[in-house]
Amino acid sequence: MATFQTLPGFREFYPDVLARRNHIFRLWRQTAHTFGFAEYDAPVLEPLELYKTKSGDEIEAQLFSFTDKGGREVALRPEMTPTVCRLVGDKAATLKRPIKWFSIAEFYRYERMQKGRGRCFFQFNADIFGEPGVEAETELIALLAQCLCSFGLTEHDFYIRLSDRNLWFYYLEALGLDEARVRGVLTAVDRYEKLGDDAFKAYAEQFGALSDELKGKILAFLQVKSLAALEATVAAVGGDKLAARLSDWRKLLGNLDAMGLSRFVEVDLGVVRGLAYYTGFVFEAFDRKGELRALAGGGRYDNLVGKLGYAELPAVGFAIGDMTFALLLEQRGLMPTLVQAPDVYAVIGGEKERLAAFADIHALRASGFRVDYPMKEIAFGKQFKAAAESGAKLALIYGGDELAKGVVKIRNLADRSELEVPKAQLHATVRDFLSHD
RNA sequence: GCGGCCAUAGCUCAGCUGGUUAGAGCACAAGAUUGUGGAUCUUGGGGUCGCGGGUUCGAACCCCGUUGGCCGCCCCA
């Protein structure tokens, strides 16, 4: 057999697998609509420069990029954020605020395969543009939680870690660090969970070792796990900026509490989300057991629209990836078994009966019922077996006897009861049965 | 980019220290069965043993390479 392999990291969706994907997308989409978000889509292929401008030249190593026949440097999209910034930036002057948008789209990254990570994947992306206050974060964190809860996940299955890059900035500034050193420390903070003390090695090489006192203050901040602890730590340092920022925290946590979402949200300054375009609150969702990679991540990026050449526009957004999410649902037994079953299955005697059946089959389909029948002439016994296996609720029997009498025999496949109805009443009878079921 | 493990039918696997024509279960299809069910029985289609090379009288098995997969590191927008 000649074989063409699927490219590494790419996925093929056979019907049963696609059914699961569709189920996830359907609930995400439905949830976003209940929050008043509007759906958009955009090109899969973009100018390479779009991603270099946002993330730097090194990003190219992780992209599916090439030169097209017109000599353009292009890349398959690895994320939605720059694209949606362009969409919004182009029309910012005419869009009603706040701009609440979402998309469900496929992305491509040239990376090594791992559990929960492939070279192609889908993300649900939601963003709010034009709202500088914590109302935007409130709305997005609530949407994120609901996107997971819609599937039956609870606070025992996942949680959202909330942090703040501004707060880190103000805190480290107050401790006397300049901007370059602050970035160095944030990189270390990001890695601290994995590497422990080694996370500070890179910083020490660049700027010299931190004093014990300074490091102690950084570690204390990193380990803050509640608003109370945060207030206490900040009070020890003082400063107007920090105090003002704390009131944002109180407001955001108060909003989330009022929505009943406190049980999902944990203050955790250990999250700073690696690369640099985030400018304020950042958050990540994880499974409670800690067995999987992040389910979702997001934060505020007030400078990005401006950086891409448009008028400055505040923004907050997050994304949920489909792979880790599907793993979690399967682990928790929350992935339903989805079968595409017909409503009715026709059992057909011979050629004459088949022609009689076709009229009914097509009419029922035209009214929206799902109808299937065997394409070949096969024994009745086999047809009943096929009818049962198809998952249909009803079998319609077209045999010589029924044809002669001008009736159709309807068999309830669940309780095996049968009744004969005149052909004229078939549609109404099927409709009644299926609507009561 | 780096490391560990793995690769036999559509799926799960067996295949003895290297020895005739590579097996089983499940799944699929046909028949028993020209009017009533997920059963049973019979039969069948399916494999260049991931690919290439080497060792050997002889390789699914041993050696080298390669491709792909799983897991981890780096990265994670």
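Below, read A as the first sequence line, B as the second, and so on, with proteins coming before strands; counting in each chain starts at 1.
- For the pair R109(A) (side chain) and P78(A) (backbone), a donor-acceptor distance under 3.5 Å is present.
- At the heavy-atom level, R77(A) lies nowhere under 4.0 Å from the strands shown.
- In this structure, a donor-acceptor pair under 3.5 Å is absent between the side chains of Q206(A) and R181(A).
- With C1' as the reference atom, rG10(B) and rC5(B) are 25 Å apart, rounded to whole Å.
- rG50(B) and rC61(B): their P atoms are spaced 8 Å apart (whole Å).
- Each of E284(A) and P8(A) has a nearest nucleotide on RNA chain B; the 5'-most of these lies closest to P8(A).
- Within 4.0 Å (heavy atoms only), G118(A) reaches no atom of the nucleic acid at all.
- Closest to the side chain of R411(A), from the set rC75(B), rU36(B), rA77(B), is rU36(B).
- For rG19(B) and rA27(B), the C1' atoms lie 33 Å apart once the distance is rounded to whole Å.
- In the set rA39(B), rC70(B), rA77(B), rA39(B) carries the atom at the smallest distance from any side-chain atom of K385(A).
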For RNA chain B, the dot-bracket notation using Watson-Crick and G-U wobble pairs below 3.5 Å, [ ] for pseudoknot-type crossings and | for other-strand pairs, is (((((((..((((.....[...)))).(((((.......))))).....(((((..]....))))))))))))....
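- In this structure, R97(A) is not positioned above the aromatic face of F129(A) in the sense of NZ or CZ being under 6.0 Å from the six-membered ring centre and within 45° of the axis.
- L327(A) places its CG atom 13 Å from the C1' atom of rC71(B), with the value rounded to the nearest Å.
- Here the side chain of D157(A) pairs a donor or acceptor atom with the backbone of T154(A) at under 3.5 angstrom.
- Distance CD (E12(A)) to C1' (rG10(B)): 14 Å, rounded to an integer number of Å.
- As rounded to the nearest Å, rG54(B) and rG18(B) have C1' atoms that lie 15 Å from one another.
- For the residue pair Q30(A) and S150(A), no side-chain donor N or O sits within less than 3.5 Å of a side-chain acceptor on the partner.
- If you measure from atom NZ of K194(A) to atom P of rG72(B), you get 10 Å, rounded to the nearest angstrom.
- With hydrogens and angles ignored, a donor-acceptor pair under 3.5 angstrom links the side chain of R293(A) to the base of rC76(B).
- For the 3.5 Å distance criterion, the side chains of T67(A) and E73(A) qualify, holding a donor opposite an acceptor.
- On a pure distance criterion of 3.5 Å, no polar donor-acceptor pair joins the side chain of R416(A) and the base of rU36(B).
- Between the side chain of R112(A) and the base of rC73(B), no donor-acceptor pair of N or O atoms lies under 3.5 Å.
- Computed from coordinates, the E58(A) CD to rC76(B) P distance equals 10 Å when rounded to whole Å.
- Nearest nucleotide to the side chain of Q62(A), out of rG37(B), rC74(B), rA77(B): rA77(B).
- Residue E377(A) is classed as having no contact, given no heavy-atom separation below 4.0 Å to the nucleic acid.
- The separation of rU20(B) from rG58(B), taken at their P atoms, amounts to 15 Å, rounded to a whole angstrom.
- Checked by atom type, the side-chain pair Y192(A)/D197(A) shows no donor-acceptor distance below 3.5 Å.
- There is a side-chain donor-acceptor pair under 3.5 Å between Y301(A) and D127(A).
- Put simply, the side chain of R117(A) and the base of rC76(B) share a donor and an acceptor less than 3.5 Å apart.
- Across all strands, P78(A) comes closer than 4.0 Å to base atoms (heavy-atom distances).
- Judged by the 6.0 Å and 45° rule, R165(A) forms no cation-pi pair with Y278(A).
- Look at the C1' atom in both rU8(B) and rC49(B): the space between them is 4 Å, to the nearest Å.
- Atom CD1 in I320(A) sits roughly 21 Å away from atom P in rC76(B) (whole-Å rounding).
- Between rG72(B), rC70(B), rA77(B), one nucleotide has an atom nearer to the side chain of Q114(A) than all others, and that is rG72(B).
- Look at the P atom in both rC74(B) and rA9(B): the space between them is 36 Å, to the nearest Å.
- Spacing of C1' atoms, rA14(B) relative to rU33(B), comes out at 36 Å, to the nearest Å.
- For R119(A) and Y110(A), the positive end sits near the middle of the six-membered ring, less than 6.0 Å away and at most 45° from its axis.
- With no hydrogens or angles considered, a side-chain donor-acceptor pair links E106(A) and Y108(A) at under 3.5 Å.
- With rounding to whole Å, Y14(A) atom OH is found 11 Å from rG10(B) atom P.
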Protein-proximity profile, nucleotides 28-35 of chain B, B/S/- by nucleotide at the 4.0 Å heavy-atom cutoff, equals --S----B
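- When distances are taken from the side chain of A388(A) to each of rG72(B), rA77(B), rG37(B), the shortest belongs to rG37(B).
- A donor and an acceptor atom, one from each side chain of S103(A) and Y40(A), are located under 3.5 Å apart.
- To the nearest angstrom, C1' of rG1(B) lies 12 Å from OH of Y110(A).
- Rounded to whole angstrom, the span from the CZ atom of R119(A) across to the P atom of rG69(B) amounts to 8 Å.
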